[in-house]
Amino acid sequence: MMPELPSVELFRRHVEDTSLHQPVARVDVMDEYILDETTPEQLEDALTGRCFNDTRRHGKYLFISAGGPWLAMHFGMTGRPVYLHGGDETPEHTRLLISFANNRRLAFDCPRRLGHIALTTGMAAFIQRKNLGPDAGSITWEQFQRRFQPRRGMLKPALMDQHAVAGVGNIIADEIVFQTGLHPEATIDRLDSAMLHDVYRTMRGILQTAVSRRIAREALPGSYLAVHRNEGEPCPRCGTSLQRIRVSGRSSYVCPRCQEKP
DNA sequence: CGTGGCTCCTGGCGGC
DNA sequence: TGCCGCCAGGAGCCAC
């Protein structure tokens, strides 16, 4: 349910725990559409015979090292990596299938085809080319302040701007503004430094909680807005009916009482 | 620079 | 049952 950076971190751990140190026997691209600036031939040449040996995450991107070349995976709204044992059936919407010499496979399952996979020689260069901001899970207050202080637009779209900070999506952005007691349409230039720091601190706390809860397979705290993301459901803080509004083209759930419209 | 609107894509759901 | 519009955890592009 809680997606975005926490899901990708979970995906990373899944790949890290299952897919390293096994020679790649073959690479099947079922759907070229999801390839980003690469071809099935290039992927096959780069990976066949090699072993994955490291995984990293930056924002919503998962990087998998093949000891030289790196895969960069983005999961769109519905993608996920799935490690399969011998008899396991490949997921219905597998777009890329990497088969290992030990008869196991790593599938890139992506029903809506909004995810993509790139091949790169290095993470840093890739991040720079995509102009991604610092990872939301490790950005420092100084970095955050430097990037957000000068902005003039609305808070929520800024939090979701991957060029500003990488990893926050629609649900977490809603959660951040809710827990900070701000409206998603609050403008950044009207926040004082203490309030901006509160946004930063809240963001870090939510990401940490979401990652640790998902790994422990526990639910998010009931005090979280994300748990009550339905129009008309009571606000977990004050009981007022939640509203669904549209902010910069995306659905936002807000408590009209706790989050005063600017 | 910021924003609104459009695009890409597929699947699920509710309404008629 | 079928069809239709709307919705969904993402993001790029373009016009203003």
Check your understanding: According to a strict under-4.0 Å criterion, is A:Arg250 in side-chain N/O contact with OP1 or OP2 of C:dG10?
Key -> yes
**Study point:** Short side-chain N/O contact to C:dG9 OP1/OP2 from A:Arg229, under 4.0 Å
**Key:**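 Checking C:dG9 against A:Arg229, a side-chain N or O does come within under 4.0 Å of OP1 or OP2.
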Over 60° means perpendicular and under 30° means parallel, so classify the ring planes of [Y] and [X], tilted if in between.
| X | Y | answer |
| --- | --- | --- |
| A:His14 | A:Tyr83 | perpendicular |
| A:Phe63 | A:Trp70 | perpendicular |
| A:Phe148 | A:Phe144 | parallel |

Check your understanding: With both distances under 3.5 angstrom, what nucleotide forms a Watson-Crick or G-U wobble pair with B:dG14?
Key ->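 Result: C:dC4.
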Practice item. Name the pairing partner of B:dC9, where a pair is Watson-Crick or G-U wobble with both distances under 3.5 Å, or state none. Key: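 Because no pair has both required distances under 3.5 Å, B:dC9 counts as unpaired.
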Provide, to the nearest angstrom, the distance between the [atom1] atom belonging to [X] and the [atom2] atom belonging to [N].
| X | N | atom1 | atom2 | value |
| --- | --- | --- | --- | --- |
| A:Leu207 | C:dG9 | CG | P | 17 Å |
| A:Asn131 | C:dA11 | CG | C1' | 14 Å |
| A:Met73 | C:dG10 | CE | C1' | 17 Å |
| A:Glu4 | C:dG9 | CD | P | 8 Å |
| A:Asn230 | B:dG14 | CG | C1' | 14 Å |
| A:Leu220 | C:dG9 | CG | C1' | 13 Å |
| A:His74 | C:dA11 | NE2 | P | 4 Å |
| A:Ile34 | B:dT10 | CD1 | P | 13 Å |

Practice item. Using the P atoms only, state how far B:dT7 lies from C:dG5, rounded to an integer number of Å. Key: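 So the two P atoms sit 14 Å from each other.
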Practice item. Using the P atom on both, measure C:dC6 against B:dC6 and round to a whole Å. Key: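 Their P atoms lie roughly 13 Å apart.
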Using the side-chain heavy atoms of [X], tell me which of these nucleotides is nearest: [options].
| X | options | result |
| --- | --- | --- |
| A:Met154 | B:dC9, C:dG9, B:dT3 | B:dT3 |
| A:Met160 | C:dG9, C:dG10, C:dA8 | C:dG10 |
| A:Arg244 | C:dC7, B:dG4, C:dG10 | C:dC7 |
| A:Gln162 | C:dG10, C:dA8, C:dA11 | C:dA11 |
| A:Leu114 | C:dG10, C:dG9, C:dC7 | C:dG10 |
| A:His163 | B:dC8, C:dG9, C:dG12 | C:dG12 |
| A:Lys60 | B:dC8, C:dG9, C:dA11 | C:dA11 |
| A:His93 | C:dG10, B:dG4, B:dT10 | B:dT10 |

**Study point:** Under-3.5 Å donor-acceptor pair between A:Arg113 side chain and B:dC9 base
**Key:** no
Point to revise | Polar side-chain contact A:Ser7-C:dG9 base: donor and acceptor under 3.5 Å | key: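 Answer is yes: a donor-acceptor pair is held.
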For the residue pair [Y] / [X], report whether a side-chain donor-acceptor contact shorter than 3.5 Å exists.
| X | Y | answer |
| --- | --- | --- |
| A:Tyr61 | A:Arg57 | no |
| A:Arg12 | A:Thr55 | yes |
| A:His183 | A:Gln259 | no |

May I ask you to say what [X] touches in the nucleic acid, namely base, sugar-phosphate or nothing, with a heavy-atom cut-off under 4.0 Å?
| X | result |
| --- | --- |
| A:Phe75 | nothing |
| A:Gly249 | nothing |
| A:Arg80 | nothing |
| A:Ser251 | sugar-phosphate |

Review point. Hey, does A:Val254 have a side-chain heavy atom less than 4.5 Å from the side chain of A:Ile245?
Key: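 Yes, close enough: below the 4.5 Å cut-off.
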Review point. Between A:Arg112 and A:His116, which has a closest nucleotide on DNA chain C that is more 5'?
Key: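 So the residue in question is A:Arg112.
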